[in-house]
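What you see is a predicted model; the values in this text were computed from it and never measured. Side chains included, hydrogens not; waters and symmetry mates left out as well; all remaining heavy atoms used.
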Amino acid sequence: MLRVNVINNFFNALLFIKITFPRSRIFALYKRMSEQQFIPSDFSILTQPVSVGWQSPSNIALVKYWGKTDVQIPKNASLSFTLSACTTQTTIDFLPLSKPSSSVDFELFFEGKKNADFRPKIIDFFKRIAAYCPYLRHYQLTIRSSNSFPHSSGIASSASAMSALAMCIMELEQHQQPEITDLFFKQKASFLARLGSGSACRSIEGPLVGWGTHPRIPNSSDLYGVVLSDSVHPIFTSYRDTVLLVDRGQKEVSSTVGHNLMNGHSFSDQRFLQAQENMAGLIEVLAKGDVGGFVRIVELEALSLHAMMMTSDPSFVLMKPNTLQIIQAVRAYRKETGIPVCFTLDAGANVHLLYPDESAEKVMEWIENELALYCQNQQYIHDRVGSGAKKM
Ligand code: DP6
């Protein structure tokens with residue numbers, strides 16, 4: 001806590017006295033200082049094996065992260081609902097080695113079977129976090145992971161998977177260093193998860209998490225997610241999300257390729273400004289309990305994300321005909337019933353329907369009777385806003 005304050009005061013002083021550094025240099029210096037706090041000055045290796053396990057949820061962005069600089073530094077702030085039903089469960093057995101290996105030594109099992117497909121992503125992740133978790137080379141890791149949702153459902157699993165992995169690593173760190181605070185545990189877990197997949201840093205806690213510096217989010221950072229602790233109207237802390245599985249196929253474009261298409265994109269500067277403005281607007285809407293304002297901003301964000309993909313070079317149309325059918329049905333239903341149900345989209349064809357808990361019965365009946373027809377094999381997943389990762 002004290003350390004953070006010292007850093008903040010130093011940063012404010014730099015800004016206040018207007019040292020002749022350009023602003024970007026001041027931010028780079030601040031960022032480096034903040035990263036330092038996650039590098040352990042020393043660490044002790046356990047002498048006995050230890051097993052840890054965490055379950056972590058997926059999240060759905062209301063203001064979208066689309067565009068980044070290295071490594072997973074977002075071009076604009078984003079904000080998401082943490083979910084609760086779509087989760088990854090991960091356990092890790094850490095076996096101390098007699099001498100450290102040159103890189104992290106691990107075996108990976110996914111849904112009970114040894115898995116080679118995800119290995120490269122995990123190898124990259126361990127390389128990125130090496131400076132922050134130097135102790136990992138002192139163990140042999142057996143990682144076992146599974147999802148609560150079908151792998152081929154088109155639901156992005158990187159957020160839940162990377163956040164679960166990060167929590168497991170932090171639990172090892174806590175075994176080695178029991179004095180670390182709860183705040184540090186969660187902040188560093190979010191920081192590590194971000195290095196695996198940007199949006200994963202928003203899955204550690206809930207119900208609403210912001211990531212990326214923004215003047216309206218106290219203590220916001222590009223390095224990790226922060227819980228939106230400002231007043232949030234209770235209607236938004238029990239929101240429902242039904243994921244309509246329009247297309248269960250492989251992702252047409254990976255997130256990393258998609259984010260990179262924002263470099264040199266004709267509309268990117270404007271988009272980053274728009275996201276910052278939408279964030280300010282949404283924070284106000286969330287505090288007031290303004291469901292109409294919520295619908296407007298959330299749908300605008302979803303369509304802006306897809307507009308960016310449709311106008312990048314190369315361009316991508318990731319919506320399917322049934323995605324559009326659902327969007328039209330949602331708008332017609334809202335007009336007809338006055339129920340403030342709205343849609344949002346990820347970088348794919350599936351639709352997330354967001355609605356207040358108090359309307360759940362009616363909306364679910366409508367989904368079953370009408371919207372299921374637009375889903376592949378009539379499949380959808382009911383989820384709701386949740387509180388983040390849980391120890392298993
Ligand atoms: C459209 O977090 O998957 O879901 O940082 O490259 O792993 P990487 O990208 P990722 O991007 C998510 C993009 C999004 C919007 C969002 O979740 O904010």
- Nearest atoms (heavy-atom pairs only) where D357 meets S238: CB-O, 3.3 Å
- Task: Flag yes if more than 12 heavy atoms outside E368 fall under 6.0 Å of its CD atom; otherwise flag no.
- Result: no
- Query: Could R271 and F267 be counted as a cation-pi pair, given that NZ or CZ must be under 6.0 Å from the ring centre and within 45° of the axis?
  - Reply: no
- Could you tell me whether the side chain of K188 and the main chain of F38 form a donor-acceptor pair under 3.5 Å? yes
- Ignoring hydrogens and angles, tell me if any N or O in the side chain of S190 forms a donor-acceptor pair with the backbone of G225 under 3.5 Å. yes
- Task: Taking all heavy atoms of T90 and all of C168, pick out the closest pair and write down the distance.
- Result: O-SG, 3.5 Å
- Query: Backbone N or O of T87 within a donor-acceptor pair of the S148 side chain at under 3.5 Å?
  - Reply: yes
- Heavy-atom nearest pair, L79 first then L228, reads CD1-CD2, 4.2 Å
- Query: So, the side chain of Q55 versus the backbone of K390: is there a donor-acceptor pair under 3.5 Å, distance only?
  - Reply: no
- Query: Distance-only, no hydrogens or angles: does the K64 side chain make a donor-acceptor pair with backbone N or O of L345 under 3.5 Å?
  - Reply: yes
- Heavy atoms of N322 and Y374 approach each other most closely as ND2-O, 3.1 Å
- Should M392 and I92 be counted in the same cluster of Ile, Leu, Val, Met, Phe, Trp and Tyr side chains packed under 4.5 Å apart? no
- Return yes if a side-chain donor-acceptor contact under 3.5 Å exists between S80 and R202, otherwise no. yes
- Query: What pair of heavy atoms forms the shortest contact from Y132 to E173, and how long is it?
  - Reply: O-OE1, 4.3 Å
- Expected output: side-chain W211 to main-chain D222 donor-acceptor under 3.5 Å: yes
- Item | Donor on one side chain, acceptor on other, R331 and Q328, under 3.5 Å | no
- Answer yes or no: is there a side-chain heavy-atom contact under 4.5 Å between I60 and D346? yes
- Message: Checking side-chain polar atoms at under 3.5 Å, does Y135 have a donor or acceptor matched by the opposite partner on Q176?
- Response: no
- Judged by atom type as modelled, is there a donor-acceptor pair below 3.5 Å linking the side chain of T323 to the main-chain atoms of A349? yes
- Any donor-acceptor N or O pair under 3.5 Å, side chains N59, T82: no
- Message: Testing the 3.5 Å rule here: is there a donor-acceptor pair between the side chains of N76 and Q276?
- Response: no
- Query: Just by distance, do the side chain of R137 and the backbone of V104 share a donor-acceptor pair under 3.5 Å?
  - Reply: no
- Message: When you compare the side chains of H382 and T242, does any donor N or O come within less than 3.5 Å of an acceptor on the partner?
- Response: yes
- Query: Can you tell me if CD on Q270 sees more than 12 non-hydrogen neighbours from other groups inside 6.0 Å?
  - Reply: no
- Between Q140 (side chain) and L95 (backbone), is there a donor-acceptor pair under 3.5 Å? no
- Task: Report yes or no: does D241 contribute a side-chain atom to a donor-acceptor pair with the main-chain N or O of D383 at less than 3.5 Å?
- Result: no
- For the pair F110 and F118, evaluate ring-ring contact (aromatic ring centres under 6.0 Å, His included) and give the outcome as yes or no after the intermediate values. CA-CA 9 Å; F110 181 65; F118 301 148; 5.0 Å; yes
- Query: So, is the end of the R240 side chain (NZ or CZ) under 6.0 Å from the ring centre of Y355 and within 45° of the ring's axis?
  - Reply: no
- Task: Would you kindly say whether Q36 and S34 are connected by a side-chain donor-acceptor distance under 3.5 Å?
- Result: no
- Note on the structure: Nearest heavy-atom approach of M310 to V317 is CE-CG1, 4.3 Å
